[in-house]
Number of protein chains: 2
Amino acid sequence: MPWEKTFDIDKATDKATEVFWKKGYEATSMADLIDAMQINKGSLYNAFGSKKALFDRALARYDQQNRAAKIAMLRQWDDPVAAIRALFDGLIDEARGDPRNMGCFIINTAQDLPNQPPEVAETVRQSLGDIESFFHEMIEKGQAKGQIPATVEARTTAQALLSMLVGLRLLARGAAGIPALEAIRDGALRLVENA
Amino acid sequence: MPWEKTFDIDKATDKATEVFWKKGYEATSMADLIDAMQINKGSLYNAFGSKKALFDRALARYDQQNRAAKIAMLRQWDDPVAAIRALFDGLIDEARGDPRNMGCFIINTAQDLPNQPPEVAETVRQSLGDIESFFHEMIEKGQAKGQIPATVEARTTAQALLSMLVGLRLLARGAAGIPALEAIRDGALRLVENA
DNA sequence: CATTGTTCATACCGAATGGTATAAACAATG
DNA sequence: CATTGTTTATACCATTCGGTATGAACAATG
């Protein structure tokens, strides 16, 4: 067997991710992708098969590398309230350092769910479901430790927190400044610490 | 002067709104619009000038007819907490009665702000700013009436409420069911009624 | 009835769309 | 060195894109 491959398929996928992330599926052309990925059209179709397949791979990889990894880290913190705060702080820091206002690839895609195939919808729902579960677990852990009032309803509060995270990420795309994002984080924490 | 016009330009705009609302600007083709608006291509360009001009008009009209009108009504309610609740209840009802998961045209567009021209960005920011102002006013009014604790910080809480509204609208596009939306509403009210 | 401006269907424009085909250049193995 | 599979560049495909042009049908005024 000769010469397995030359370009890094994961690095190329990451380049594609950036484009899909910023512009969305429909507004991204193959020309855009080829420009960004710096590989030839033939190589692209040989390696990924189609635009849609590339999108699926890009989304899945973003979900693993960015979203899931971050959540998994925080899940094993000792202080559950601090973990929730750290999650929001991380998103605010990301917004602060991003003049292009990319937001979150998963949430951008969630906004477009009615126009996406079922498999994409499933990926997005699982991803958001995992965030909600994180909130749920942290709340229950905080209640076990006496940090969070037992009167806080874990499931519904987790759903409310998810909506604030989603709102923060969307507003970070250009509609709100950093102070507003901090206000959202403070509101989220207030929801956790009061009954 | 002969025969000023025959089709209703506002009704045609509303048809266009539905398409832009569901698919977004880029993913909507002129063919889609002509199908939906049931007018000829020539008439469309004569009446609206361009795809972009039609989008601007559609967005502005949606903002006036749907968003601004609703807020203006609620603004003059006697009970400010009930007004906030009614706003969220209205959105949940809308989601319940909409199998197509349209969400909110303004918020869908807000998600796409980095790819929109400045004038669209301005429209969206004003629109969201007005919602935030509504929350702000209702909180202060509720505090004046003794319904809401004075320790609730009006400005930042208004921003937190906006993020929940935004999150609700986005999640209503297919990522969450009605019970989750109700949990978001309950969380929002909890933010208002607790310090 | 003539004028006027709108409607419609249709044809057209150049450019861009996602995707395929080709063939030479290339790098690693046997 | 021959083989093998990839990389590149380029040309090509039919279709669709946003937008324009045409001319006849049409409805209301003078």
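Values below: every heavy atom of this structure, side chains too, minus hydrogens, waters and symmetry copies. Residue numbering restarts at 1 for every chain, and letters A, B, ... go by the order of the sequence lines. Since the model is a prediction, treat every value here as computed from it, not as a measurement.
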Quick tally for nucleotides 8-17 of chain D: nucleotides whose base has a protein heavy atom under 4.0 Å get B, sugar-phosphate-only ones S, the rest -, giving BB-------S

How many Å lie between [atom1] on [X] and [atom2] on [N], as a whole number?
X: A:L33; N: C:dG18; atom1: CG; atom2: P; result: 8 Å
X: B:F48; N: C:dT7; atom1: CZ; atom2: C1'; result: 14 Å
X: B:E26; N: C:dG18; atom1: CD; atom2: C1'; result: 16 Å
X: B:I34; N: C:dT7; atom1: CD1; atom2: P; result: 14 Å
X: B:L44; N: D:dT20; atom1: CG; atom2: P; result: 12 Å
X: B:N46; N: D:dT20; atom1: CG; atom2: P; result: 12 Å

In this structure, is the centre-to-centre distance between the rings of B:F55 and B:F48 below 6.0 Å? no

Interatomic distance, NZ@B:K23 vs CD@A:E26, rounded to 0.5 Å, equals 7.0 Å

Output for pair (A:K51 NZ, A:M30 CE), nearest 0.5 Å, gives 7.5 Å

For a quick check under 3.5 Å, do A:D112 and A:T109 share a side-chain donor-acceptor pair by atom type? no

Considering only heavy side-chain atoms of B:Y45, the closest of C:dT6, D:dT20, D:dT7 is D:dT20

Practice task
Go through A:N108 and B:Q111 one step at a time and tell me if the side chain to side chain donor-acceptor pair (under 3.5 Å) criterion holds.
Solution key: CA-CA 7 Å; A:N108 294 352; B:Q111 191 270 315; 3.0 Å; yes

Single-linkage hydrophobic cluster, 4.5 Å side-chain cutoff, B:M73 and B:L87 together: no

In Watson-Crick or G-U wobble terms, with both distances under 3.5 Å, the base opposite D:dG30 is C:dC1

